[in-house]
Amino acid sequence: MFNLIRRDVILQKRHLLLFIPFILFFIIMDKHPALTFLIASIFVPFNTYAYDEKVETNILLNSLPYTRTEIIASRYLGAIVYMVLAIGVTSLALFTFNKPFTMIDIAIGSSLFLLFAALTFPLFYILKPGYISTVVIISFLLLAAIGPAIVLFLAEHLTAITDFIVNLSIPVLYTGGTLVIMLVYFISWGTTTVIYQRKEF
């Protein structure tokens, strides 16, 4: 499984040369650190999926001595590995440019990435090749554009839930949020595994 994760890095060598300038652009444009961490985390996993979609890598992967469960596990574990590495590189870049950031920014960026990954990874095995990358890009743009508005709308209209959340202590709030996102991620992992097991290539 480690070799499957390493494969993604090898395939992304050219794209990785664009990674630093890509992140520096967001830093120089003075974007919120949480957004910068989110974008950095998305870079490698979704580029890999886009590449695999283009060359139909799944046919090759299924001819190798790996089970379908291992292939999906490498995707989900790899996404976490790349997220950690991307956060490390982005933190160093922010520090170099004297841009302040906090652990909360890292937590928000990584949480949003895991949530977005959990919602979109199954799509790569449900939708037909050729449409997936477009759907994911549109989904991300919609999430970025209307996500805050949806949160504000729900906060105004679901006052009982809003009051409950506001009354929670910060540690409980962060712990609860982390557990919910981890649960969604593992449900997505299991769902994608089932879809992939039944898919024909």
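Residue pairs that meet the side chain to side chain donor-acceptor pair (under 3.5 Å) test with at least one member in residues 84-97, sequence neighbours left out, do not exist here. For residues 110-122, no residue pair satisfies the salt bridge (Lys or Arg N to Asp or Glu O under 4.0 Å) rule, not counting sequence neighbours. A salt bridge (Lys or Arg N to Asp or Glu O under 4.0 Å) check over residues 115-127, counting only residues at least two apart or in different chains, returns nothing. For residues 176-197, the set of pairs meeting the salt bridge (Lys or Arg N to Asp or Glu O under 4.0 Å) definition, not counting sequence neighbours, is empty. Screening residues 179-198 for salt bridge (Lys or Arg N to Asp or Glu O under 4.0 Å) gives no qualifying pairs among residues at least two apart or on separate chains.
Linking ILVMFWY residues whenever their side-chain heavy atoms come closer than 4.5 Å, directly or via other members, leaves Leu24 and Leu92 in distinct clusters. Taking hydrophobic clusters as Ile, Leu, Val, Met, Phe, Trp and Tyr residues chained together by side-chain heavy-atom distances below 4.5 Å, Phe95 does not share a cluster with Ile20. Val194 and Tyr196 are not part of a single hydrophobic cluster, where members link through side-chain heavy atoms under 4.5 Å apart. Linking Ile, Leu, Val, Met, Phe, Trp and Tyr residues whenever their side-chain heavy atoms come within less than 4.5 Å leaves Leu179 and Leu119 in two separate clusters.
Put simply, the side chain of Arg75 reaches to within 4.5 Å of the side chain of Tyr125, judged on heavy atoms. A heavy-atom distance below 4.5 Å is found between the side chains of Met83 and Ile87.
In terms of heavy-atom proximity, Gln197 sits nearest to Arg68 at O-NH1, 3.6 Å. For Pro122 against Ala117, the heavy-atom pair with the smallest separation is CD-O, 4.3 Å.
Of the inter-residue distances, the one linking Ile27 atom CD1 with Asn98 atom CG reads 11.5 Å to the nearest 0.5 angstrom.
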Report, one line per pair, each donor and acceptor closer than 3.5 Å where one atom sits in a side chain of residues 34-43; sequence neighbours left out.
unit_1 : atom_1 : unit_2 : atom_2 : d
Thr36  : OG1    : His32  : O      : 3.2
Ser41  : OG     : Phe37  : O      : 2.8

With a 3.5 Å cut-off and sequence neighbours excluded, list the donor-acceptor pairs that the side chains of residues 101-116 form with protein atoms.
unit_1 : atom_1 : unit_2 : atom_2 : d
Thr102 : OG1    : Ile104 : N      : 3.3
Thr102 : OG1    : Asp105 : N      : 3.3
Thr102 : OG1    : Asp105 : OD2    : 3.3
Asp105 : OD2    : Thr102 : N      : 2.9
Ser110 : OG     : Ile106 : O      : 2.8
Ser110 : OG     : Ala107 : O      : 3.1
Ser111 : OG     : Ala107 : O      : 2.6

Would you mind writing out the side-chain donor-acceptor pairs for residues 181-190 within the sub-3.5 Å range, not counting sequence neighbours?
unit_1 : atom_1 : unit_2 : atom_2 : d
Tyr185 : OH     : Tyr76  : O      : 2.7
Ser188 : OG     : Tyr76  : OH     : 2.7
Ser188 : OG     : Ala118 : O      : 2.6

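Residues that satisfy the salt bridge (Lys or Arg N to Asp or Glu O under 4.0 Å) test with Lys31, not counting sequence neighbours, are absent from this structure.
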